[in-house]
Visitor: 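For reference, the structure I am asking about is given below.
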Amino acid sequence: MSVRVRFAPSPTGYLHIGGARTALYCYLIAKAKGGQFVLRIEDTDQERSKPEYETAMIDDIHWCGLDYHEGPDKPGDVGPYRQSERMELYKELAWKLVDEGHAYPCFLSSEQLEELTEKANTEKIAPHAYHGQFRDYDLAEAKKRIDKGEEFVIRFKNPNKKYTFKDLVRGEVTFPEDMVGDFVILRSNGMPVYNFCCVVDDWKMKMTHVIRAEEHLNNTVRQLMIYEALGAPTPEFAHCSLLVGEDRQKLSKRHGATSVSQYRDQNYLPQALMNYLCLLGWSHPEEKDIFKVDEIVEMFDLNRFIKSPALYDIAKLNFFNGQHLRLLTGDELLSYCERSIPTDHSFHGQEKEWKIRALEFFKEKVNLPSELDEHFEVLFNTEPRLNEADTEELKDILSWETTPVIQSYLKEELTKLKESGVEYPSEENFSEWTNHIKKELKVKGKPLFKGMRAALTKMTQGPDLKIVIPLTKIDLLITRFQ
RNA sequence: GCUCCCAUCGUCUAGUCUGGUCUAGGACACCGCCUUUUCACGGCGGUAACAGGGGUUCGAAUCCCCUUGGGAGUACCA
């Protein structure tokens with residue numbers, strides 16, 4: 001039987017970093033086993049689910065490069081793939097469970113429920129202890145009350161026995177009989193509840209593996225009960241570790257940038273994000289750390305999942321971005337970096353060939369394209385860029401810089417070049433100047449290079465002049481002498 | 001409270017299943033040196049961990065138990 005794995009987010013917000021990682025694992029397992037990856041939208045919470053979130057989520061999943069075989073926008077044989085479109089099925093099965101004695105209507109009002117929970121709390125027993133008030137209520141009587149229009153929910157009748165299952169990452173897990181009470185499967189507004197539709201769909205959509213985060217581990221006991229009552233085969237479960245923030249708590253909004261769209265907006269490389277996320281809870285058999293996810297499918301398996309929670313660290317993500325940035329070439333590099341450079345930046349006025357040459361050189365210095373701006377200063381500034389630490393050092397340089405002979409020499413050379421119709425100095429030009437100043441003007445060593453740097457770039461430090469000067473327009477260089 | 005899960009450098013992790021090759025390896029970050037007449041890159045090196053206690057064993061990071069710590073769940077959210 002072919003492996004089928006689903007990612008089932010609820011559209012109540014933007015795709016979360018943790019969600020993206022789960023989706024990645026689902027994608028990878030499906031791919032590794034030559035199976036299908038399915039996207040299902042769990043929108044049964046009418047208040048919080050929004051269609052625009054669904055759209056955004058799908059966009060983000062695509063941006064991550066996690067293409068699925070079936071989903072709301074990719075019809076398959078077991079659709080629809082949006083739970084709000086499967087209501088009839090859930091209702092039918094919920095009532096089937098009622099008729100078979102696995103579930104029952106319950107008429108407890110929310111006020112009554114609150115009181116009962118309160119009571120259980122003061123008695124220091126499980127809060128769900130009194131939720132089963134209607135479990136033995138006469139069904140015919142119940143149906144009469146429903147027909148009269150009375151509000152009700154459907155509760156699942158807990159069979160009160162232990163449940164054990166083998167989790168693919170955690171091993172054998174056992175839940176005691178009283179872990180949960182008679183829980184709701186159909187709300188009073190007619191909407192089914194997560195644990196119920198999840199099982200129905202995983203069954204009807206023929207899922208073989210349920211891969212999700214550890215926060216769902218405890219839900220598994222409820223789901224196991226439902227599979228059993230439905231007479232459905234249980235899939236394999238794999239609960240992967242949680243992603244946590246600095247405080248070791250589940251990663252959430254208050255930890256800062258935790259949605260994929262924020263990284264997209266900040267122009268991170270999706271392959272870098274995926275690479276980093278992949279390693280947060282899984283390890284490469286050869287301890288390789290920089291890779292594209294599609295390169296590791298054949299070695300991806302559940303055995304290398306880590307059970308303990310992983311801390312999400314942006315510093316390390318930045319490193320991964322830098323590594324992937326350096327893997328980019330020519331056109332890729334240009335179209336990627338260009339987006340991060342302010343639209344009014346002089347960079348955009350340059351020739352394409354120049355841009356690529358500049359980026360190929362500067363890419364070694366940054367992790368993110370947004371850091372490029374400060375490095376470009378050396379190419380475009382017209383005012384001296386000096387920080388306090390430079391001042392001391394500058395005293396010498398300034399005395400040199402103001403030496404009229406050398407100033408006028410460089411200026412003269414630049415003017416000659418300009419008149420010959422050249423737009424940029426060549427590397428050879430730069431060497432000639434250096435040699436001339438060395439031989440004829442008797443300046444060498446540190447004063448030579450520091451001095452030339454200060455004169456030509458108005459900065460005391462920066463990248464290799466041999467590279468930088470040929471990237472700077474002669475016109476601009478001349479203005480630096482005025 | 002109750003239930004479940006987890007526990008190796010600050011962080012991500014290798015090693016745990018199949019005890020010895022682990023005076024615990026790699027990566028991020030940090031620090032130093034080399035290289036570069038600057039900066040960065042790169043290279044080399046450094047600081048830094050088996051939570052604690054009991055067992056089992058000739059031998060335990062690895063197996064068992066307890067303690068402690070952390071997390072998750074305990075909803076008519078998912």
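Proteins come first, then strands; the chains are lettered A, B, ... in the order of their sequence lines, and each starts at number 1.
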Visitor: Should A:Lys124 be listed as having a side-chain N or O under 4.0 Å from OP1 or OP2 of B:G1?
Guide: no
Visitor: Taking the six-membered ring of A:Phe107, is the NZ or CZ of A:Arg145 close enough (under 6.0 Å from the centre) and on axis enough (within 45°)?
Guide: yes
Visitor: Could you measure between the two P atoms, the one in B:U3 and the one in B:A75, and give it in whole Å?
Guide: 15 Å
Visitor: Could you give the distance separating B:A24 and B:C34 at their C1' atoms, to the nearest angstrom?
Guide: 29 Å
Visitor: Mapping A:Gln46 and A:Trp282 to their closest nucleotides on RNA chain B, which lands nearer the 5' end?
Guide: A:Trp282
Visitor: Are the side chains of A:Leu242 and A:Leu251 in contact, using a 4.5 Å heavy-atom criterion?
Guide: no
Visitor: Roughly how many Å is it from CG in A:Leu273 to C1' in B:C28, rounded to a whole number?
Guide: 16 Å
Visitor: Check A:Arg326 against A:Asn367 and note the closest heavy-atom contact, atom names and distance.
Guide: NH2-OD1, 3.7 Å
Visitor: Assign A:His239 to base, sugar-phosphate, or nothing according to its heavy-atom contacts below 4.0 angstrom with the strands shown.
Guide: nothing
Visitor: Can you tell me the distance, in whole Å, between the CG atom of A:Leu15 and the P atom of B:A78?
Guide: 18 Å
Visitor: Tell me whether the OP1 or OP2 atom of B:C12 has a side-chain N or O from A:Arg304 closer than 4.0 Å.
Guide: no
Visitor: If you only use heavy atoms from C-beta on, which nucleotide in B:C41, B:G70, B:G26 is closest to the side chain of A:Glu287?
Guide: B:G26
Visitor: Can you figure out which of B:C39, B:A7, B:A78 approaches the side chain of A:Ser308 most closely?
Guide: B:A7
Visitor: With no angle test and no hydrogens, is the base of B:A78 tied to the side chain of A:Asn219 by a donor-acceptor pair under 3.5 Å?
Guide: yes
Visitor: Determine the Euclidean distance between corresponding P atoms of B:U74 and B:U18; express it in Å to zero decimal places.
Guide: 36 Å
Visitor: Please give the distance between the C1' atoms of B:U16 and B:A49 as a whole number of Å.
Guide: 16 Å
Visitor: Specify the separation, in whole Å, of atom CD of A:Glu246 and atom C1' of B:U11.
Guide: 9 Å
Visitor: Reckon A:Thr174 touches a base, only the sugar-phosphate, or nothing at all at heavy-atom distances under 4.0 Å?
Guide: sugar-phosphate
Visitor: Kindly point out which of B:C4, B:U74, B:A78 is positioned nearest to the side chain of A:Pro127?
Guide: B:U74
Visitor: Searching all strands shown, indicate the nucleotide that pairs with B:G42 (Watson-Crick or G-U wobble; both distances under 3.5 Å).
Guide: B:C34
Visitor: Which of these nucleotides, B:C4, B:G15, B:U38, is closest to any side-chain atom of A:Lys450?
Guide: B:U38
Visitor: Within the structure shown, what part of the strands sits under 4.0 Å from A:Phe319 by heavy-atom distance: base, sugar-phosphate, or nothing?
Guide: sugar-phosphate
Visitor: Quick one: is B:C4 close enough that its OP1 or OP2 comes under 4.0 Å of any side-chain N or O from A:Thr220?
Guide: no
Visitor: Would A:Lys316 pass as a cation-pi partner of A:Tyr312, given that its NZ or CZ must be under 6.0 Å from the six-membered ring centre and within 45 degrees of the axis?
Guide: no
Visitor: Checking contacts here: which listed nucleotide (B:C39, B:U3, B:C76) is nearest the side-chain heavy atoms of A:Met179?
Guide: B:U3
Visitor: Take atom C1' in B:C4 and the same atom in B:G42, then report the distance between them in whole Å.
Guide: 49 Å
Visitor: Roughly how many Å is it from CG in A:Leu217 to C1' in B:U3, rounded to a whole number?
Guide: 11 Å
Visitor: Do A:Lys307 and B:A7 share a donor-acceptor pair, side chain to base, under 3.5 Å?
Guide: no
Visitor: Atom OG1 in A:Thr220, atom CG in A:Asn218: separation rounded to 0.5 Å?
Guide: 7.5 Å
Visitor: Can a side chain N or O of A:Ser283 be found less than 4.0 Å away from OP1 or OP2 on B:A14?
Guide: yes
Visitor: Please classify the nucleic acid contact of A:Leu251 as base, sugar-phosphate, or nothing, using heavy-atom distances under 4.0 Å.
Guide: nothing
Visitor: Between B:C64 and B:C28, how far apart are the two C1' atoms, rounded to whole Å?
Guide: 36 Å
Visitor: Under 4.0 angstrom, heavy atoms only, what part of the nucleic acid is A:Val153 near: base, sugar-phosphate, or nothing?
Guide: base
Visitor: Please classify the nucleic acid contact of A:Ile185 as base, sugar-phosphate, or nothing, using heavy-atom distances under 4.0 Å.
Guide: nothing
Visitor: Considering every strand and a 4.0 Å limit on heavy-atom distances, what is the contact class for A:Gly281: base, sugar-phosphate, or nothing?
Guide: sugar-phosphate
Visitor: When you compare B:C17 with B:A61, how far apart are their C1' atoms, in angstrom units rounded to a whole number?
Guide: 14 Å
Visitor: Tell me, do A:Met87 and A:Pro192 make a side-chain contact under 4.5 Å, heavy atoms counted?
Guide: yes
Visitor: Would you please say whether a donor-acceptor pair under 3.5 Å links the side chains of A:Asp43 and A:Gln83?
Guide: no
Visitor: Tell me which nucleotide among B:U74, B:A72, B:C12 gets nearest to the side chain of A:Arg222.
Guide: B:U74
Visitor: Go through B:C76, B:C12, B:A72 for me and flag the one nearest to the A:Leu113 side chain.
Guide: B:C76
Visitor: Roughly, in whole Å, what's the span from CZ in A:Phe183 to C1' in B:A75?
Guide: 12 Å
Visitor: Of the listed nucleotides (B:A78, B:A72, B:G42), which one gets closest to any side-chain atom of A:Asp45?
Guide: B:A78
Visitor: Should the heavy atoms of other residues, nucleotides or ligands under 6.0 Å from CD of A:Glu52 be counted, would the total exceed 12?
Guide: yes
Visitor: Who does B:A7 pair with, Watson-Crick or G-U, both distances under 3.5 Å?
Guide: B:U68
Visitor: Carefully, step by step, assess A:Glu236 and A:His209 under the rule side-chain contact (heavy atoms from CB on, under 4.5 Å).
Guide: CA-CA 5 Å; A:Glu236 301 276 9; A:His209 292 71; 3.8 Å; yes
Visitor: On RNA chain B, does the nearest nucleotide to A:Thr117 precede the nearest nucleotide to A:Asp464 from the 5' side, or the other way round? Give the residue.
Guide: A:Asp464
Visitor: For A:Glu47, report the nucleic acid contact type (base, sugar-phosphate, nothing); a contact means any heavy atom under 4.0 Å.
Guide: nothing
Visitor: Among the nucleotides B:U11, B:C39, B:A29, which one has an atom lying closest to any side-chain atom of A:Lys365?
Guide: B:C39
Visitor: Using a 4.0 Å heavy-atom cut-off, does A:Ser241 contact any base of the nucleic acid, only the sugar-phosphate backbone, or nothing at all?
Guide: nothing
Visitor: Determine the contact category for A:Pro463: base if any of its heavy atoms lies under 4.0 Å from a base atom, sugar-phosphate if only primed atoms, P, OP1 or OP2 are that close, otherwise nothing.
Guide: base
Visitor: Under 3.5 Å, is there an N or O donor on one side and an acceptor on the other linking the side chain of A:Ser110 and the base of B:C76?
Guide: no
Visitor: When both hydrogen-bonding distances must be under 3.5 Å and the geometry is Watson-Crick or G-U wobble, what is B:C22 paired with, if anything?
Guide: none
Visitor: Can you see if the side chain of A:Lys250 gets near the phosphate of B:G73 - specifically, an N or O under 4.0 Å from OP1 or OP2?
Guide: yes
Visitor: To the nearest Å, give me how far apart CG (A:Leu279) and P (B:U11) are.
Guide: 17 Å
Visitor: If I take atom CZ in residue A:Phe320 and atom C1' in nucleotide B:A27, what distance separates them, rounded to the nearest angstrom?
Guide: 7 Å
Visitor: Within this structure, what is the CG-to-C1' distance between A:Asp247 and B:G10, rounded to whole angstrom?
Guide: 15 Å
